[in-house]
Q: 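Take this structure first; my questions come after.
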Protein chains: 2
Amino acid sequence: MSSYASRAGSLARMSDDAAPPGGRGRRPARTSGDDRELAILATAERLLEERPLGAISVDDLARGAGISRPTFYFYFPSKDAVLLTLLDRVVAEADAAMDAVFDGSVVEPRQGWQRALAAYHDTFRTHRALTVAWAEARAGSAEVRRLWAEVVERWVQRCTAVIEAERDRGAAPGGPAARDLAIALTSMNERVIYGSLSGDGPAVAADDVVPVLLRIWLSAVYGDEPG
Amino acid sequence: MSSYASRAGSLARMSDDAAPPGGRGRRPARTSGDDRELAILATAERLLEERPLGAISVDDLARGAGISRPTFYFYFPSKDAVLLTLLDRVVAEADAAMDAVFDGSVVEPRQGWQRALAAYHDTFRTHRALTVAWAEARAGSAEVRRLWAEVVERWVQRCTAVIEAERDRGAAPGGPAARDLAIALTSMNERVIYGSLSGDGPAVAADDVVPVLLRIWLSAVYGDEPG
DNA sequence: CGAACGAGTCAACAGGGTGTCGAGTTACGC
DNA sequence: GCGTAACTCGACACCCTGTTGACTCGTTCG
């Protein structure tokens, strides 16, 4: 747990930010109980490595953090809220990675897309357990669905803008609405990466994920309608 | 419920087929209780139209079918088993639709793929509630995951074979392993269609689903690696 | 006919999970 | 040294799942 606490410096202090109306965490601000909150998050991350979300109870999280179940509810309103907090961190990481790619120097397009896909893939691959758990939580929690929808919406808007820019400068031919293309391709990324991490059903091997996705993105964006 | 019973003629009689080892249904064969089994299935389908799977309890299904909860367990071992039975039907429908497409006369490739995508899309669109519920159940039930994995595997194998055939006859250029391409594109279909049916997150409008997917499939399979 | 049997039925139970309430117990500012 | 707010948890109220054992039938067959 202390290993988590040290890494956790970068954990967004969301619950402390200005106005937390119906926010995830509970307590208004600083006190010694921060340790407990961190311990809960660390326990969640640890337990998710060994078993699926559905097999982890609030009691497991509480005991793992050295507190009783009612006390858990002092820190988080539900099990999902813990996951949401953990997820925010990964999403922030993914966004940062994307920023690094889409920013500044636009090298050749192929390389740009390749880096973006790799950044996306790497971020989620290094948080395999969390990524798989999120997919499970999404099925049952409207809150999780909402957060994910927001995240995807940002990516889609970004891709849409890039595709339109490429079309404007004549590098990419016309075709379906750029946004629809972006949605479909982003959806593909999500499902393919999840499949390769979760291991159920037919999956692309980890090393082949980016090459295959890249090929499909490039031909979809830059390829002419084939006869 | 009688409206279901009439449509249910096509419901695969899986539980009666030759050897049902660890099968879904329970009773060995025919008796008056068939009505009850059908009533449970009908109730499930009806309730899924109005609320998500997680908000439907075994008790709801039992009462909806006019029986007590313990009696429900006489017919199905769990709530998931009901969904699995319902799902088998839809999958059989989708497979039949695919058979109709991939069979016999291979017209021009574009039209072939277009029909296949449309068949896939139509099948799931006409069972919207069930499709969305399946996605929810998949998160929690290994059994549901297994069934879906099998279904997808069949589609992937089919697509892989077609892509390889197109490459062999010189109609499609080389590229990533045909199977990887098939997995990625099939995954895209799954996620895009689900997204357009479930309504959370950015989605492609129902009428645009097939055109967009088709464009991506065609450029991925037939397009040369763009510069 | 009537005993035996198997299908079908359910009240009651055992067990596990969630979320809440209210009565404690610190710890720290004043 | 005392109030107040952070913090803690035993006990409770619920809801859900899955099982057990006894009960009611209709059928079958000696």
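Labels below follow one simple rule: chain letters A, B, ... track the order of the sequence lines, proteins then strands, and each chain is numbered from 1. Side-chain atoms are counted along with the backbone in the values below, which use heavy atoms only and exclude waters and symmetry mates.
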Q: Give the rounded distance in Å between these two atoms: CD1 of Ile56(B) and P of dC15(D).
A: 18 Å

Q: Check for a donor-acceptor pair, side chain of Arg145(A) on one end and backbone N or O of Arg138(A) on the other, with a separation under 3.5 Å.
A: yes

Q: Check Arg51(B) with Asp60(B), please: is the shortest side-chain N to carboxylate O separation under 4.0 Å?
A: yes

Q: Counting only side-chain N and O atoms of Tyr75(A), is one of them less than 4.0 Å from OP1 or OP2 of dT8(D)?
A: yes

Q: Give the rounded distance in Å between these two atoms: CZ of Phe72(B) and C1' of dA7(C).
A: 18 Å

Q: Backbone N or O of Ile183(B) within a donor-acceptor pair of the Thr186(B) side chain at under 3.5 Å?
A: no

Q: Produce the list of close N/O pairs, under 3.5 Å, pairing protein atoms with atoms of nucleotides 9-12 of chain D; give distances to one decimal.
A:
unit_1: dC9(D); atom_1: OP2; unit_2: Ser68(A); atom_2: N; d: 3.0
unit_1: dC9(D); atom_1: OP2; unit_2: Ser68(A); atom_2: OG; d: 3.2
unit_1: dC9(D); atom_1: OP2; unit_2: Thr71(A); atom_2: OG1; d: 2.9
unit_1: dC9(D); atom_1: O5'; unit_2: Ser68(A); atom_2: OG; d: 3.4

Q: Rounded to whole angstrom units, what separation is found between the CG atom of Asp59(B) and the C1' atom of dG18(D)?
A: 13 Å

Q: I want to verify a distance call: between dG19(C), dA7(C), dG18(D), whose nearest atom is closest to the Ser78(B) side chain?
A: dG18(D)

Q: If the threshold is 4.0 Å, N to carboxylate O, is there a salt bridge linking Arg46(A) and Glu49(A)?
A: no

Q: Angle between ring planes, Phe124(B) versus Trp134(B), binned at 30° and 60°: parallel, tilted or perpendicular?
A: tilted

Q: Can a salt bridge be assigned to the pair Glu136(B) and Lys79(B) using a cut-off of 4.0 Å between side-chain N and carboxylate O?
A: no

